[in-house]
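Input: a single structure, listed below in structure tokens.
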Protein chains: 2
Amino acid sequence: MRNLRRMVKALEAYSMAVEKRYGLTGPQLWALWELSRSGPMGLKDLAERMYLNPSTVVGVVDRLVEKGLVARDPDPSDRRRVSLDLTPRGSELLKDSPHPAQGQLLHGLQGMSLKEVQDLHASTATLVKVMEAENLDATFFFADG
Amino acid sequence: MRNLRRMVKALEAYSMAVEKRYGLTGPQLWALWELSRSGPMGLKDLAERMYLNPSTVVGVVDRLVEKGLVARDPDPSDRRRVSLDLTPRGSELLKDSPHPAQGQLLHGLQGMSLKEVQDLHASTATLVKVMEAENLDATFFFADG
DNA sequence: GCAAATTGATTCGTGTTCAAACAATGTGAA
DNA sequence: TTCACATTGTTTGAACACGAATCAATTTGC
């Protein structure tokens, strides 16, 4: 647990440093990166790619639009949807900014041997599986009573 | 990264379930638990035990005091400090509430073999070390300009 | 013994996160 | 066709989480 906590904290600290330097928080940078990687998309799609609640992403996108890095365009084929895309300034900024949060973790992994990475992946996968199963149980348990 | 994300998310989901059931969020339960474990202490101490910024813990404690689960007493030996302690209601509630957030992770670990747990611990420790070192570098780098 | 630095708690401003509720739009079945 | 239902994006309200600034109390340095 302490290690998990410290990993999250290290990522947060990294995010703060990036924010100081580039005026972008971790989630903001991450959103830009996803838009750059996978082209224009709707808000729901972006939220799914980021494993976040759509209502959360609205705020992140709001701030990016305010900064002129992302454009919200109407989607002619479905008027419920908005098409999110980088502005020229957005892609420009993305070019010389660091990897988004994950980058640090990736960098961290590069300092480990292949076997270590494989072990880590295997054990976290197991742990996640057990935890998510636990969670289902808890949901049913709490729902019952 | 996905696994890390999923672990955090699983913990969040668990926290939500607990909140629905007991009216306590994860951090609140965690604070109660630390107070129960390590007796009365100042806010800074509690913040350190929770790996959180003191300013964050103020809010958590506020809500616990409001619920009548924690008392803020003056410390006669140092009048800057406040002594945080469980109220009787607080310890009562803690008795039949589930393990705080970590509990789920702990439970998860119990589903793994000793070797798996050891591997997991070793690899996360390595990863944390690399990430924190990275972070120091980044701080200096960004500080330089 | 008193000024200066430090420490502990708090407040403030910004940003992230979720669930719940809502409006607008699209879809499918009676 | 029409009406119930689903989907998409948004708003709202609560709780975290951080750093910076503030304030009182304490410790230090001279």
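Letters A, B, ... are given to chains in the order of the sequence lines, protein chains preceding strands, and every chain is numbered from 1.
Partners of B/Glu48 according to the side chain to side chain donor-acceptor pair (under 3.5 Å) rule, which considers only residues two or more places apart in sequence or in another chain, do not exist here. Qualifying side-chain contact (heavy atoms from CB on, under 4.5 Å) partners for A/Pro74, counting only residues two or more places apart in sequence or in other chains: none. For B/Lys67, the side chain to side chain donor-acceptor pair (under 3.5 Å) partners at least two apart in sequence or on another chain are B/Gln28. Partners of B/Asp75 according to the side chain to side chain donor-acceptor pair (under 3.5 Å) rule, which considers only residues two or more places apart in sequence or in another chain, are B/Ser77. Residues forming a side-chain contact (heavy atoms from CB on, under 4.5 Å) with B/Asp85 (at least two apart in sequence, or on another chain): B/Pro40.
Nucleotide D/dT8 holds its C1' atom 14 Å from the CG atom of A/Leu46, rounded to whole Å. If you measure from atom CG of A/Leu64 to atom P of C/dT14, you get 17 Å, rounded to the nearest angstrom. Put simply, CE on A/Met50 is 16 Å from C1' on D/dG9, counting in whole angstrom units. The interatomic distance linking A/Trp30 (CH2) with C/dG15 (P) rounds to 19 Å, in whole Å. Rounded to whole angstrom, the span from the OH atom of B/Tyr51 across to the C1' atom of D/dC18 amounts to 18 Å. Taking atom CD on B/Gln28 and atom P on D/dA17, their separation rounds to 11 Å, with Å as the unit.
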Output, in order, the C-alpha distance, side-chain angles, deciding distance and verdict of salt bridge (Lys or Arg N to Asp or Glu O under 4.0 Å) for B/Glu92 and B/Arg89.
-> CA-CA 5 Å; B/Glu92 198 54 41; B/Arg89 269 194 62 206; over 6 Å; no
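Remark: A/Thr56 is not in phosphate contact with C/dT16, judged by side-chain N or O atoms under 4.0 Å from OP1 or OP2. OP1 or OP2 of C/dT16 sits under 4.0 Å from a side-chain N or O of A/Arg63.
Tested against A/Val70 for a side-chain contact (heavy atoms from CB on, under 4.5 Å), the candidates A/Thr87, A/Leu64, A/Val60 yield a single pass: A/Leu64.
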Could you run down nucleotides 5-12 of chain C 5' to 3' and tag each one B, S or - for protein heavy-atom contact under 4.0 Å?
-> --BSSBB-
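Closest approach to the A/Leu52 side chain among C/dG26, C/dT17, D/dT26 is made by C/dT17 (side chain taken as heavy atoms from C-beta onward).
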If you restrict it to nitrogen or oxygen atoms, what contacts under 3.5 Å exist between nucleotides 1-3 of chain D and the protein, and what is each distance?
none

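Listed by first and then second residue, the side chain to side chain donor-acceptor pair (under 3.5 Å) pairs involving residues 55-64 of chain B are B/Asn53-B/Ser55, B/Asp62-B/Arg72 (not counting sequence neighbours). Residues in residues 23-32 of chain A take part in no salt bridge (Lys or Arg N to Asp or Glu O under 4.0 Å) pair, two or more places apart or across chains.
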